[in-house]
Amino acid sequence: MKPRLVLVLGDQLTPGLSALRAADRSRDLVVMAEVTEEAQYVRHHAKKLVYIFSAMRKFALKLRQEGWQVAYGRLDDPQTTRSITAELERRYKAYGAVGVIATESGEWRLRTALAESTLPIEVLPDDRFLISREDFAAWAAGRKSLRMEYFYREMRRRTGLLMEGDQPAGGQWNYDQQNRKAARPGTALPSPMRHTPDEITNEVLGMVRTRFPRAPGQLEPFWFATDAAGAKRAAAKFMREALPGFGDFQDAMLEGERFLHHSVLSMYLNIGLLDPLELCHAAEAEYRSGHAPLNAVEGYIRQILGWREFVRGIYDLQGPGYVSNNQLGASRRLPEFYWSGDTDMACVAAAVRQTLEEAYAHHIQRLMVTGNFAMLAGIDPHEVHEWYLAVYADAYEWVEAPNVIGMSQFADGGIVASKPYAASGAYINRMSDHCKGCLYDVRARESEQACPFNALYWDFLVRHRNSLQGNPRMAQMFRSWERMAEDRRKATLARAQSLLRRLETGERM
Ligand code: FAD
Ligand code: DLZ
Ligand code: SF4
């Protein structure tokens, strides 16, 4: 019998993938390919490239060991073509195939490309998520606004996670009030598991070094797991060592501390090396056994069961046009220091430098430092989106875009967030120790040495007064502005204008 092709993409490295379940290993042929189009649709971080290619190669080996035939296109093989669809066409002809089975791609970009292919492709749902696209749409239907908190409660009920009968464990759905402690310098902190590159990863490191010399970010030290066994060991270490403090320090930042109590597992989850429900069950077991407190476990489960599923649902619901949203009409170019970390703003320098070194920053750095600065400074959200999509090892549009366009830049006009996550330096000072060593003065607003976040924060509110003033959650801030003395208001806006000019001319700031 002639074979069908089974497409497995670089973020579909899961043995139970719907396309593999639907195929017959004695007849069908798995197609995997390292292609320049996927490697270059944004300027991916060098570590991200190594991570994906190495994990793809190991997954192909595993499939072969399990009896699958795999046609694997390596990037350094001259016969490998430019794109996923071209690779499918090449293999289709070469093997005289009679059909293609694919699991739906995470991104609209590739969904469209596959839909436009002339090959007969059967697309199956990606059921590695905890709610189907249809069920999310049904939940969303008829609601005036979509709020993660209500979605999350529904998901707790559906999965039974942290439930006592029909009530939430401990009596509350959400323990975020307890999760806003600042971390103190000098406290002993856990660290994510570091994996030594093996022969396959070393070979990929060499290939990426040669073929992508201009990829942003540092290639080495490369320490990510690149197979499911390694990712599982990293998850077990997180549950043992970091989960108990996850809640307390969820919003904290510390100079020189890149991971705090975060799991650093999103990159493994997003390519299918880890399973979201298994992680939630493992975290719940830590609570039930008394090893981790409820505020930590609830906070962790909420990120996966709530936020991760919610943003995926929004991305699917909103369609391919979502990434072009620019409700606040922001148009400045992304400052060069996002690619170098070369700025006197200590918090931004720390977040960008660690991003370039690790292809990782934790949530509060992404949201309240780099994201907050870009929104306050009126940077074009599409440029911001492309930066986030490029520099993080866990970045795929389905999860990145709702977080960037929606949550962080408020460019979708409030689909994801109920108000902009805009904050002055005071917030960063409360949650971190960055300001102590910063050239800027976090308490000042108008002077040359004043923290740029302060004047830009007020300027942002004033610029968008018409669209934001009616938001009840913003009313207090507008009242504070009105109460401020006229000369201070003028000086604040003048300082903001001078900062924005510096951004435009590329002067150091
Ligand atoms: P933890 O802090 O340990 O959280 C646990 C898990 O919850 C994560 O592993 C992740 O799978 C999930 N999670 C937490 N917050 C979110 C969220 N807001 N949306 C979806 N899942 C979440 N996450 C990505 O996976 N890819 C991205 O490209 C991405 N881009 C982001 C851009 C911005 C501007 C912001 C504000 C957030 C972004 N996030 C993204 C969400 C979040 O910052 C990362 O999931 C998290 O920092 C990953 O690190 P961790 O595994 O240590 O997470
Ligand atoms: C991110 C990525 C990269 C860098 N390279 C490849 C690749 O060469 N081949 C492949 O199949 N997948 C790659 N990926 C992951 C895809 O970009 C991802 O599957 C789509 O963006 C859909 O989420
Ligand atoms: Fe960041 Fe302002 Fe603090 Fe400097 S003073 S670290 S720029 S918040």
Side-chain angles (χ1 to χ4, degrees), residues 6-23 100-115 121-163 166 168 173 228 265-266 268-284 300-323 394-403 405-407 412 415-416:
V6 186
L7 176 65
V8 175
L9 294 167
D11 58 353
Q12 297 182 337
L13 310 183
T14 312
L17 192 75
S18 56
L20 289 167
R21 291 205 312 271
V100 180
I101 310 172
T103 292
E104 185 174 56
S105 139
E107 303 193 355
W108 284 105
R109 177 183 59 79
L110 208 46
R111 286 179 201 169
T112 310
L114 289 169
I121 306 182
E122 184 192 356
V123 179
L124 302 171
D126 187 347
D127 51 15
R128 296 174 300 165
F129 290 90
L130 305 178
I131 184 166
S132 68
R133 181 195 272 234
E134 292 72 28
D135 284 2
F136 188 87
W139 173 81
R143 284 171 198 262
K144 248 191 15 229
S145 63
L146 305 181
R147 289 293 157 249
M148 195 289 294
E149 185 61 31
Y150 298 112
F151 169 74
Y152 165 61
R153 292 179 191 181
E154 178 63 26
M155 291 298 283
R156 290 268 297 275
R157 290 193 193 95
R158 280 170 73 122
T159 56
L161 281 160
L162 288 183
M163 296 297 289
D166 60 356
W173 290 103
L265 298 175
S266 51
Y268 305 141
L269 266 170
N270 293 353
I271 70 166
L273 300 184
L274 291 177
D275 176 73
L277 192 58
E278 270 178 32
L279 283 182
C280 291
H281 281 306
E284 177 167 16
Y300 179 71
I301 287 180
R302 176 158 26 92
Q303 306 313 310
I304 294 181
L305 183 66
W307 278 113
R308 187 170 185 272
E309 296 290 326
F310 181 71
V311 298
R312 191 249 182 173
I314 298 274
Y315 179 77
D316 279 349
L317 213 55
Q318 290 294 313
Y322 183 75
V323 295
D394 60 17
Y396 298 89
E397 200 179 88
W398 64 265
V399 53
E400 173 275 335
N403 271 297
I405 298 286
M407 189 189 302
D412 66 359
I415 295 170
V416 171

Please tell me if the side chains of [X] and [Y] come closer than 4.5 Å, counting only heavy atoms from C-beta onward.
| X | Y | result |
| --- | --- | --- |
| Thr14 | Thr103 | no |
| Leu274 | Leu265 | yes |
| Val6 | Leu17 | no |
| Cys280 | Thr159 | no |
| Met407 | Ile314 | no |
| Ile271 | Tyr396 | yes |

Begin from the C-alpha positions of Tyr322 and Val416 and carry the test side-chain contact (heavy atoms from CB on, under 4.5 Å) through to its verdict.
CA-CA 11 Å; Tyr322 183 75; Val416 171; 3.6 Å; yes
What distance do [X] atom [atom1] and [Y] atom [atom2] have between them, rounded to the nearest 0.5 Å?
| X | Y | atom1 | atom2 | result |
| --- | --- | --- | --- | --- |
| Arg133 | Leu317 | CZ | CG | 9.0 Å |
| Asp135 | Met155 | CG | CE | 9.0 Å |
| Leu277 | Phe129 | CG | CZ | 13.0 Å |
| Gln303 | Glu309 | CD | CD | 13.0 Å |
| His281 | Leu162 | NE2 | CG | 10.5 Å |
| Leu7 | Leu110 | CG | CG | 7.5 Å |

Give the minimum heavy-atom separation between [X] and [Y], together with the two atoms involved.
| X | Y | result |
| --- | --- | --- |
| Leu9 | Ser105 | CD1-CB, 3.8 Å |
| Ile121 | Ala102 | CG2-CB, 4.0 Å |
| Leu20 | Pro15 | CD1-O, 3.7 Å |
| Leu305 | Leu161 | CD2-CD1, 3.9 Å |
| Ala283 | Ile301 | CB-CG1, 4.2 Å |
| Glu104 | Gln12 | O-NE2, 3.3 Å |

What verdict does the salt bridge (charged side-chain N to carboxylate O under 4.0 Å, His left out) test give for Asp127 and Arg21, after you've listed the backbone C-alpha separation in whole Å, the side-chain angles of each residue and the deciding distance to 0.1 Å?
CA-CA 11 Å; Asp127 51 15; Arg21 291 205 312 271; 2.6 Å; yes
Taking it one step at a time, do Arg156 and Arg302 satisfy side-chain contact (heavy atoms from CB on, under 4.5 Å)?
CA-CA 9 Å; Arg156 290 268 297 275; Arg302 176 158 26 92; over 6 Å; no
Is the shortest side-chain N to carboxylate O distance from [X] to [Y] below 4.0 Å?
| X | Y | result |
| --- | --- | --- |
| Asp394 | Arg308 | no |
| Glu154 | Arg158 | no |
| Arg111 | Asp316 | yes |

What verdict does the side-chain contact (heavy atoms from CB on, under 4.5 Å) test give for Arg109 and Val323, after you've listed the backbone C-alpha separation in whole Å, the side-chain angles of each residue and the deciding distance to 0.1 Å?
CA-CA 11 Å; Arg109 177 183 59 79; Val323 295; over 6 Å; no
Go through the steps for Leu146 and Phe151 under the test side-chain contact (heavy atoms from CB on, under 4.5 Å), then give the verdict.
CA-CA 8 Å; Leu146 305 181; Phe151 169 74; over 6 Å; no
Are Trp173 and Tyr152 close enough that their ring centres sit under 6.0 Å apart?
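Not under 6.0 Å, so no.
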Parallel, tilted or perpendicular: which one describes the rings of Phe310 and Trp307, with boundaries at 30° and 60°?
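Rings of Phe310 and Trp307: perpendicular, as their planes differ by over 60°.
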In terms of the angle between their ring planes, are Trp108 and Tyr315 parallel, tilted or perpendicular, with boundaries placed at 30° and 60°?
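Rings of Trp108 and Tyr315: tilted, as their planes differ by 30° to 60°.
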